Amino acid sequence: MVAALIAGALFTRQLLWTPISAINMTDIVSNQFKMSNAAFFGTDSNGEPFYIQAASGRQEYDRPNIILLDKVSGTTTRISDGQKITDDITANSGEYDRIKKTIILTDDVHVDSSNGDKIITNELVIKL
């Protein structure tokens with residue numbers, strides 16, 4: 001990071017000094033991997049398709065199997081009484097566990113199902 005600051009100063013011909021105390025190392029260490037417009041799709045354990053999209057996603061250094069999601073939306077398909085039902089889902093945040101293959105959606109979760117069911121909750125766990 002210091003090299004980037006020095007290189008930037010050389011290109012602009014201005015000397016830029018940032019005191020080490022001003023760098024937030026906690027943020028750098030805890031948010032190692034960030035992405036915008038993240039999308040995950042595939043099939044669940046029953047062979048049914050799913051699609052999850054988030055405005056942003058990030059991984060923390062100490063929890064590499066978890067992807068933290070913001071502004072989540074998606075579609076899942078399930079079988080109930082021999083009928084395929086599509087669920088359109090939205091939430092403000094969520095966590096995707098790549099090892100457990102679960103998505104935990106939180107904060108203003110809405111589910112609109114193709115069979116007419118509607119759910120509004122604070123937390124929803126989806127097992128893929």
Side-chain angles (χ1 to χ4, degrees):
M1 178 174 272
V2 174
L5 293 174
I6 292 170
L10 293 174
F11 286 115
T12 62
R13 298 194 185 274
Q14 294 177 1
L15 188 56
L16 175 63
W17 291 99
T18 301
I20 296 297
S21 62
I23 298 172
N24 186 348
M25 291 306 290
T26 303
D27 187 48
I28 292 170
V29 170
S30 66
N31 295 304
Q32 290 292 313
F33 177 66
K34 290 186 177 184
M35 56 189 142
S36 298
N37 296 319
F40 308 95
F41 52 92
T43 55
D44 63 15
S45 60
N46 296 321
E48 299 300 328
F50 71 89
Y51 174 79
I52 303 292
Q53 180 179 1
S56 64
R58 65 191 183 285
Q59 281 181 291
E60 295 178 338
Y61 183 74
D62 58 342
R63 295 172 51 190
N65 298 327
I66 305 294
I67 300 174
L68 302 171
L69 307 169
D70 297 309
K71 305 277 189 240
V72 184
S73 63
T75 304
T76 61
T77 303
R78 60 187 165 91
I79 305 292
S80 179
D81 296 328
Q83 177 184 5
K84 275 193 179 189
I85 299 171
T86 302
D87 298 317
D88 293 321
I89 303 167
T90 60
N92 286 336
S93 59
E95 291 186 5
Y96 173 49
D97 188 322
R98 297 179 310 137
I99 301 300
K100 294 180 182 176
K101 299 199 184 289
T102 59
I103 299 172
I104 300 173
L105 300 174
T106 56
D107 194 19
D108 199 27
V109 181
H110 289 252
V111 180
D112 292 320
S113 298
S114 60
N115 67 351
D117 291 343
K118 295 187 184 308
I119 299 171
I120 299 173
T121 185
N122 288 327
E123 182 177 276
L124 177 69
V125 178
I126 302 170
K127 294 183 180 184
L128 300 174

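A quick note: this is a predicted structure, and the numbers were derived from the prediction, not measured. For reference, positions follow the sequence shown, starting with 1.
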How many angstroms lie between [atom1] in [X] and [atom2] in [Y], if you round to the nearest 0.5 Å?
X	Y	atom1	atom2	answer
Thr76	Lys127	OG1	NZ	14.5 Å
Ser56	Asn37	OG	CG	9.0 Å
Ile119	Ile89	CD1	CD1	8.5 Å
Lys101	Tyr96	NZ	OH	5.5 Å
Asn65	Lys100	CG	NZ	9.5 Å

Problem set entry | Ion pair check, Asp70 and Arg58, cut-off under 4.0 Å | yes
Seminar exercise, completed: Residues passing the side chain to side chain donor-acceptor pair (under 3.5 Å) test with Glu123, sequence neighbours excluded, are none
For this session: Mark yes or no for whether Asp81, through its side chain, and Gln83, through its backbone, hold a donor-acceptor pair below 3.5 Å.
Result: no
Exercise. Under the 3.5 angstrom rule, does the side chain of Gln59 hit a backbone N or O of Pro64 as a donor-acceptor pair?
Worked result: yes
Problem set entry | Residue list, salt bridge (Lys or Arg N to Asp or Glu O under 4.0 Å) with Lys84, at least two apart or on another chain |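 Lys84 satisfies salt bridge (Lys or Arg N to Asp or Glu O under 4.0 Å) with Glu48 only.
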Problem set entry | Residues forming a salt bridge (Lys or Arg N to Asp or Glu O under 4.0 Å) with Asp117, sequence neighbours excluded | none
Determine all donor-acceptor pairs shorter than 3.5 Å in which one atom belongs to a side chain in residues 102-111; sequence neighbours excluded.
unit_1, atom_1, unit_2, atom_2, d
Thr106, OG1, Ser93, OG, 2.9
Asp107, OD2, Asn92, ND2, 3.3
Asp108, OD1, His110, NE2, 3.0

Exercise. By side chain to side chain contact (heavy atoms under 4.5 Å, CB included), which residues pair with Phe41, not counting sequence neighbours?
Worked result: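 Applying side chain to side chain contact (heavy atoms under 4.5 Å, CB included) to Phe41 gives Tyr51.
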Problem set entry | Pairing residues for Thr86 by the side chain to side chain contact (heavy atoms under 4.5 Å, CB included) criterion, not counting sequence neighbours | Thr75, Thr77, Asp88, Ser114
For this session: Check each of Asp87, Ile126, Leu128, Thr43 against Phe50 using the side chain to side chain contact (heavy atoms under 4.5 Å, CB included) test, and report the only one that passes.
Result: Leu128
